[in-house]
Amino acid sequence: MFLFLLSAMIAAPAFSYDFFVYEPPVHQTPQQVYAPPIPDYVVFAGDTINLCRYDLRERFDREILAFSYMHSTTFLLIKRARIYFPVIEPLLDADTVPDDFKYLALIESYFNPRVVSPAKAAGIWQFMASTAEHYGLEVNEQVDERFNIEKSTHAACLYLKHAYSLYNDWVTAAASYNVGTRRISKELEEQRVSSALDLYLNEETSRYVFRILAAKAIIENPQRYGFNLLDSDYYQPVQTRVVEVNGPVENWADWAIENGTTYARLKDFNLWIRDRKLDNPKGNTYQVKIPVLE
């Protein structure tokens, strides 16, 4: 049998790959890809950044290209912004932090409220546990306020205002959110410059501010960058009512049913709840959101 197969293989004609060659129809037009427009300048937190400077222009261009051709992800960012911007904007205003910092939250988490980074940063503002606790957030096995949008936004504002007090520059304060004020301050001193835009930094931090600027440009004018949405395409905020909890909860699933919802929906709107129960030995008061569904 083996000799028969061997002789058959020797006798077989040489295999040709010619039939794999693809010849497009004459009438077919290749896909057209265009370079997204780059403005001469952008404005962040009231400061004008001149993009005519070669390095700033190329760094902005890189991020605009990434967002413009990362279609599914960018569509999600645009749609999710309709949910989270109305929550974040008044909180930034109340804490006297420029409105543009809502784009920092966007690029930190892509507005995925469940996200936890490989380094264990969590929530839409991506706080590490130690930093969160430093700025007044509760972080333990039962409660993690990094997932509380209102409280984590306030904590981020405290950080950003502290950074601004060091640099008197919102752009540099934004850059420090990625790598910390200690590192930024050290580099500013050693490189003899006053703005993070002029620093030589690792690639991630060097790109960080420009990712914020690119996200702002696209979300403010999606059509300019090829993203066309009807108003009905955007995700819409869901109305909620608040129930105060200032004692223990033996079982959150039972509590949810007693309050007219399900455990799954309770978690959707209160991701800071991290356990099936709440001991609450200190008698803290928690604002629990219940969705109001038609």
Side-chain angles (χ1 to χ4, degrees), residues 67 71-95 97 99-117 121-127 132 137-139 142-157 215-216 218-220 222 227-246 249 251-278 280 284-294:
F67 279 119
H71 295 120
S72 60
T73 299
T74 302
F75 262 121
L76 279 174
L77 294 182
I78 298 169
K79 290 183 175 192
R80 288 171 176 170
R82 185 69 64 91
I83 297 176
Y84 294 103
F85 279 178
V87 178
I88 293 173
E89 287 167 350
L91 298 172
L92 294 173
D93 182 61
D95 274 326
V97 170
D99 184 75
D100 282 344
F101 278 94
K102 63 192 180 190
Y103 298 104
L104 184 151
L106 183 148
I107 65 120
E108 278 286 338
S109 59
Y110 281 28
F111 281 157
N112 175 358
R114 300 172 183 266
V115 69
V116 177
S117 76
I124 66 168
W125 290 96
Q126 287 290 279
F127 274 109
L137 299 180
E138 183 178 352
V139 180
Q142 294 189 339
V143 173
D144 190 339
E145 291 181 332
R146 293 178 295 174
F147 295 97
N148 182 308
I149 295 173
E150 290 81 5
K151 290 188 176 183
S152 64
T153 298
H154 177 61
C157 287
K216 178 185 177 183
I218 288 178
I219 289 182
E220 285 187 341
F227 295 92
N228 299 287
L229 296 89
L230 301 174
D231 192 63
S232 59
D233 292 327
Y234 288 86
Y235 299 149
Q236 302 299 325
V238 176
Q239 183 181 353
T240 60
R241 60 185 175 91
V242 173
V243 177
E244 285 194 350
V245 171
N246 51 27
V249 175
N251 185 296
W252 278 115
D254 292 339
W255 187 97
I257 292 170
E258 291 167 5
N259 284 273
T261 189
T262 64
Y263 181 70
R265 289 175 183 156
L266 177 71
K267 287 287 289 183
D268 277 343
F269 291 86
N270 303 276
L271 285 170
W272 55 268
I273 297 174
R274 307 308 290 177
D275 198 358
R276 299 279 183 170
K277 64 178 181 177
L278 177 68
N280 198 8
N284 294 333
T285 298
Y286 300 97
Q287 306 284 323
V288 183
K289 296 179 183 177
I290 307 294
V292 178
L293 304 178
E294 296 181 358

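For the numbers below, each heavy atom of this structure counts, side chains included, while hydrogens, waters and symmetry mates do not.
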Checklist entry - Is there side-chain contact between Glu220 and Tyr103, with at least one heavy-atom pair below 4.5 Å? => result yes
Next on the checklist: Please evaluate residues Trp255 and Tyr263 with respect to the criterion side-chain contact (heavy atoms from CB on, under 4.5 Å), reporting the C-alpha separation (whole Å), side-chain torsions for both, the decisive distance (0.1 Å), and the verdict.
Outcome noted: CA-CA 8 Å; Trp255 187 97; Tyr263 181 70; over 6 Å; no
Next on the checklist: Filter on salt bridge (Lys or Arg N to Asp or Glu O under 4.0 Å), then keep only pairs touching residues 144-154, sequence neighbours left out; what's left?
Outcome noted: Asp144-Arg146, Glu145-Lys151, Glu150-Lys289
Next on the checklist: To check you understand the geometry: which heavy-atom pair defines the closest contact between His71 and Phe227, and what is its length?
Outcome noted: O-CE2, 3.9 Å
Next on the checklist: I'd like to know whether CZ of Arg241 has more than 12 heavy-atom contacts from other residues, nucleotides or ligands below 6.0 angstrom.
Outcome noted: yes
Per-pair distances, 0.1 Å, donor-acceptor, side chain in residues 78-94, under 3.5 Å, sequence neighbours excluded:
unit_1, atom_1, unit_2, atom_2, d
Arg80, NH1, Tyr110, O, 2.9
Arg82, NH1, Asp231, OD1, 3.1
Glu89, OE2, Lys102, NZ, 2.6

Next on the checklist: So which atom in Thr240 and which in Pro291 form the shortest heavy-atom distance, rounded to 0.1 Å?
Outcome noted: CG2-CA, 4.0 Å
Checklist entry - Between Asp99 and Lys216, does at least one N-O distance fall below 4.0 Å, as a salt bridge requires? => result no
Item to check | cation_pi(Arg274, Phe147) dist<6.0 Å, angle<=45 | outcome: yes
Checklist entry - Do Tyr286 and Asn246 have side chains that get closer than 4.5 Å, going by heavy atoms? => result no
Checklist entry - Would you call Ile257 and Thr262 a side-chain contact if the rule is heavy atoms closer than 4.5 Å? => result no
Next on the checklist: On a heavy-atom basis, which atom in Leu230 and which in Asp233 lie closest, and how many Å separate them?
Outcome noted: N-OD2, 2.7 Å
Checklist entry - Would you say Leu106 and Ile219 make side-chain contact, with heavy atoms under 4.5 Å? => result yes
Item to check | Side chains of Leu266 and Ile290 in contact at under 4.5 Å (non-hydrogen atoms) | outcome: yes
Next on the checklist: As a quick check of understanding, evaluate side-chain contact (heavy atoms from CB on, under 4.5 Å) for Gln287 and Val245, giving each step before the final call.
Outcome noted: CA-CA 7 Å; Gln287 306 284 323; Val245 171; over 6 Å; no
Checklist entry - Do Trp125 and Thr153 have side-chain N/O donor and acceptor atoms under 3.5 Å apart? => result yes
